[in-house]
There are 2 protein chains.
Amino acid sequence: MNDVARSAGVSLKTVSRVVNGEPTVDPALVERVRAAVASLHYRPHLGASMLRRKDRRTGTIGLLLEDVGNPFSAAVHRAVEDEARARGVHVLTGSLDDDPERERDLARAFARRHADGLILAPVGPDQGYLALELPPGVPVVFVDRTATGFTGDSVLARNAAGASAAVRHLIAYGHRRIVFLGDLSRITTTRERRRGYLDSVGAAGLRAYTVEGLHDSVAAEAATRELFERARPPTALFTGQNLITIGAVRGLRALGRHHDVALVGFDDFPLADLLEPAVTVIAQDPAAMGRAAAQALFARIDGDTKEPREISVATTLIPRGSGEIPVRFTGSS
Amino acid sequence: MNDVARSAGVSLKTVSRVVNGEPTVDPALVERVRAAVASLHYRPHLGASMLRRKDRRTGTIGLLLEDVGNPFSAAVHRAVEDEARARGVHVLTGSLDDDPERERDLARAFARRHADGLILAPVGPDQGYLALELPPGVPVVFVDRTATGFTGDSVLARNAAGASAAVRHLIAYGHRRIVFLGDLSRITTTRERRRGYLDSVGAAGLRAYTVEGLHDSVAAEAATRELFERARPPTALFTGQNLITIGAVRGLRALGRHHDVALVGFDDFPLADLLEPAVTVIAQDPAAMGRAAAQALFARIDGDTKEPREISVATTLIPRGSGEIPVRFTGSS
DNA sequence: GTGAAAGCGCTAACAT
DNA sequence: ATGTTAGCGCTTTCAC
């Protein structure tokens, strides 16, 4: 920048003004500076400018998701990026893989990099560490899961309501033995979905059957197959998550039962409509969640100090076939 | 940091040494400093340290992909992140959406943020701008597509070879009217895949039929349907990309032809094995591509100055059913 | 082994 | 409208 100033025959400060587009500079000087910038290939150094600046914004936010490679996280990421782009903000990303230690490490790392704020899908049991790692005043918005020990806005799907609707849907088709297949129950989303299941099942006076701790598609497939080795197998399944839904589909296929066991899955997935039968789902809206989270974060960064909000994003039941298979009398009701 | 020094009764420099883990500090002082750091909630400022440091590394790389929300990009992203994590490096991401201007803007932005290097899936016709935007010595590795006007390593799937194999596979099942459905032909990947198609079709003495410029799944579905309104419709389709494959599946379904028209798609996609018929694909290995790109980039950052390399990643033909439908005599050969 | 001084590239506050 | 000076938080260099 010094070189540019010398080459343009102006002071350092004038160069700074031109680079920052401040209006109070003589057009002729602007031209001279511009030319010098171009000929010297000058590139402003954001790190240095942010060091001295008053507002101390880096124009960077951190986004910590379960796994940037999975469709849900990827959709959230994309929506966040779009909001950020509109404000000239860039996004540092990280995958947590259900590892609380990694959650904390990355939060700390992004804090040291002076991210202006964080969007976090928490995996650990407690987010109290954020108060220590983050400089005071750096906002965090939680997405998809709730946080403990740290206050911030959160953006959540209406998990319990969606699950409840799924189960009522199955009940309406005559089902009375409906199994819930869920993943790790320490995750708040899973707990909410199970709660919705239990509510609806209880309200209808049915017995609850749950299988949990299913961590992937393979486990879900195995669990599904085992269900039908029992004396009184279910007539309908409600799966708490994407990978579990797919595992259940594979399991039912393998058993040749996909056309007579009903299935509703939580969370939509690509091609669900092309399977046979097409899979009925409770669709979340990950893009809406990402958008809402980013908007909330930017509002906080811009100084919004209202009470922390909990933003719920609606789910939609999309009937496609698998959830509309009526119960069949199997002789062992 | 000053406060910490004062509170610990040592000099600024000693704090710096402790924070950076330099070994030449008295253990007793280390303890005092550590305590002060904790009690004052001191957090080191990476931006400031990098400003003064000799190597000037920020420990950040930029990753510019087509769309962080699509499965291919997301898988690349995840693989890059894993490599970066192993080195304590963080990843700034951006989606380009086939917009060359955005490509340049983001490259510039990441340069101003002093990313140590860039991984780029180029969309523009020319990457010459990189020489202007990037400080000399900042390496770029290209992934998925080739670049023009700027030298760097590139990581590419064996597109032509894979496409060629797909077509030979169809020919082996007796097909002679095989249509290629492709997207925008200015994209190098598409051109390579078409080239592979043309090679195999030409070698077998068959006529080439191509439909191009299909920018999404809906366009591909419409194009597929139109094909079968012709006098001599194809007996097999080769689709150049994920979304086009899915559009073609939808099209064939709508026509009720999915069990008698053969289909091979380039690029695998989740649930391809659960469709009926299951979809035969030329699978790429996006994780391997991301890994290779990241490894190449880090090698360059660490000073590797060998000739730029072109790393090809193999594709695999996965026969699942749709590609093994033999030709049927339709009376209009 | 420890500290004092200088300065990385830039902008704030105050001249002019 | 432009320039000057000081200093952001840290690491370097060099002295102790």
Side-chain angles (χ1 to χ4, degrees), chain A residues 1-34 36-37 40-60 108-109 111-116 134-138, chain B residues 1-34 36-37 40-60 108-109 111-116 134-138:
Chain A
M1 186 148 156
N2 243 316
D3 303 341
V4 174
R6 207 171 320 115
S7 154
V10 297
S11 84
L12 229 179
K13 178 62 210 176
T14 304
V15 177
S16 167
R17 281 199 250 264
V18 172
V19 168
N20 291 15
E22 284 173 39
T24 68
V25 190
D26 187 310
L29 287 191
V30 172
E31 248 342 291
R32 287 230 305 278
V33 172
R34 286 254 155 77
V37 162
L40 295 176
H41 292 333
Y42 165 77
R43 278 169 293 269
H45 188 305
L46 255 53
S49 93
M50 108 73 154
L51 191 58
R52 197 63 183 81
R53 238 187 191 39
K54 201 73 206 187
D55 62 2
R56 247 110 200 317
R57 300 258 182 96
T58 52
T60 309
R108 180 181 15 237
R112 281 175 175 20
R113 260 154 219 278
H114 288 237
D116 298 335
L134 258 43
V138 171
Chain B
M1 187 147 157
N2 242 317
D3 303 341
V4 174
R6 208 172 318 117
S7 155
V10 296
S11 84
L12 227 177
K13 177 60 213 178
T14 304
V15 177
S16 166
R17 282 198 251 263
V18 171
V19 167
N20 291 19
E22 284 173 39
T24 68
V25 190
D26 187 311
L29 288 191
V30 173
E31 247 344 288
R32 286 230 304 277
V33 172
R34 286 254 155 78
V37 162
L40 296 176
H41 293 330
Y42 164 76
R43 277 170 295 268
H45 188 306
L46 257 53
S49 91
M50 109 74 155
L51 190 59
R52 197 61 181 79
R53 229 181 238 306
K54 201 75 205 192
D55 63 3
R56 251 115 197 312
R57 298 259 182 94
T58 52
T60 308
R108 180 180 16 236
R112 281 173 174 23
R113 256 154 223 276
H114 288 237
D116 298 335
L134 258 42
V138 171

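Just so it is clear: chains get the letters A, B, ... in the order the sequence lines come, proteins before strands, and each one is counted from 1. Because only heavy atoms are used, hydrogens play no part in the values below, and waters and symmetry mates are left out as well, while side chains stay in.
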Rounded to the Å, how far apart are [X] [atom1] and [N] [atom2]?
| X | N | atom1 | atom2 | value |
| --- | --- | --- | --- | --- |
| Met50(A) | dG9(D) | CE | P | 10 Å |
| Arg53(A) | dG9(D) | CZ | C1' | 17 Å |
| Arg52(A) | dA6(D) | CZ | P | 12 Å |
| Arg57(A) | dC8(D) | CZ | C1' | 18 Å |
| Leu12(A) | dT4(D) | CG | P | 10 Å |
| Asp55(B) | dT11(D) | CG | C1' | 11 Å |
| His45(A) | dG9(D) | NE2 | P | 16 Å |
| Glu22(A) | dG3(D) | CD | P | 14 Å |

Measure the [atom1]-[atom2] distance between [X] and [Y] for me, rounded to the nearest 0.5 Å.
| X | Y | atom1 | atom2 | answer |
| --- | --- | --- | --- | --- |
| His45(B) | Met50(B) | NE2 | CE | 11.0 Å |
| Leu46(B) | Arg53(B) | CG | CZ | 7.5 Å |
| Lys13(B) | Arg17(B) | NZ | CZ | 5.0 Å |
| Thr60(B) | His114(B) | OG1 | NE2 | 11.0 Å |

5′-ward residue of the pair Ser16(A)/Ala48(B) relative to DNA chain C: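 Checking each residue's closest nucleotide, the 5'-ward one belongs to Ala48(B).
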
Please enumerate all residues that pass side-chain hydrogen bond (donor to acceptor under 3.5 Å, both in side chains) together with [X], with sequence neighbours excluded.
| X | value |
| --- | --- |
| Thr58(A) | Asp116(A) |
| Arg108(A) | Asp105(A), Glu133(A) |
| Ser7(B) | none |
| Ser49(B) | none |

Partner residues of Leu134(A) under the side chain to side chain contact (heavy atoms under 4.5 Å, CB included) criterion, sequence neighbours left out: Ala111(A), Leu118(A), Leu130(A), Val138(A), Val140(A)

For Ala109(B), all residues meeting side chain to side chain contact (heavy atoms under 4.5 Å, CB included), sequence neighbours excluded: His90(A)

Span of DNA chain C in contact with chain B (heavy atoms, under 4.0 Å):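 For DNA chain C, the relevant span reads dG1(C) to dG9(C).
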
Estimated bend of the helix from dG1(C)-dC16(D) to dT16(C)-dA1(D) (axis per five terminal pairs, rounded to 10 degrees):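 It comes to 30° between the two terminal axes.
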
Side-chain heavy atoms of Asp3(B) within contact of Arg6(B), under 4.5 Å: yes

Looking for any heavy atom pair under 4.0 Å, which part of the strands does [X] touch: base, sugar-phosphate only, or nothing?
| X | result |
| --- | --- |
| Leu29(A) | sugar-phosphate |
| Val19(A) | nothing |
| Asn2(B) | nothing |

Just the atom pairs and distances: protein N or O near nucleotides 13-16 of chain D's N or O, under 3.5 Å.
none

Upstream residue (5' side of DNA chain D) when Arg43(B) and Pro23(A) are each assigned their closest nucleotide: Pro23(A)

Stretch residues 3-11 of chain A: residues that reach within less than 4.0 Å of DNA chain D through a heavy atom: Val10(A), Ser11(A)

Donor-acceptor contact below 3.5 Å, side chain Arg56(A) vs main chain Leu51(A): yes

Residues in salt bridge (charged side-chain N to carboxylate O under 4.0 Å, His left out) contact with Arg34(B), at least two apart in sequence or another chain: none

Would you mind writing out the side-chain donor-acceptor pairs for residues 18-33 of chain A within the sub-3.5 Å range, not counting sequence neighbours?
residue, atom, partner, partner atom, Å
Asp26(A), OD1, Ala28(A), N, 2.7
Arg32(A), NE, Ala8(A), O, 2.9
Arg32(A), NH2, Ala8(A), O, 3.0

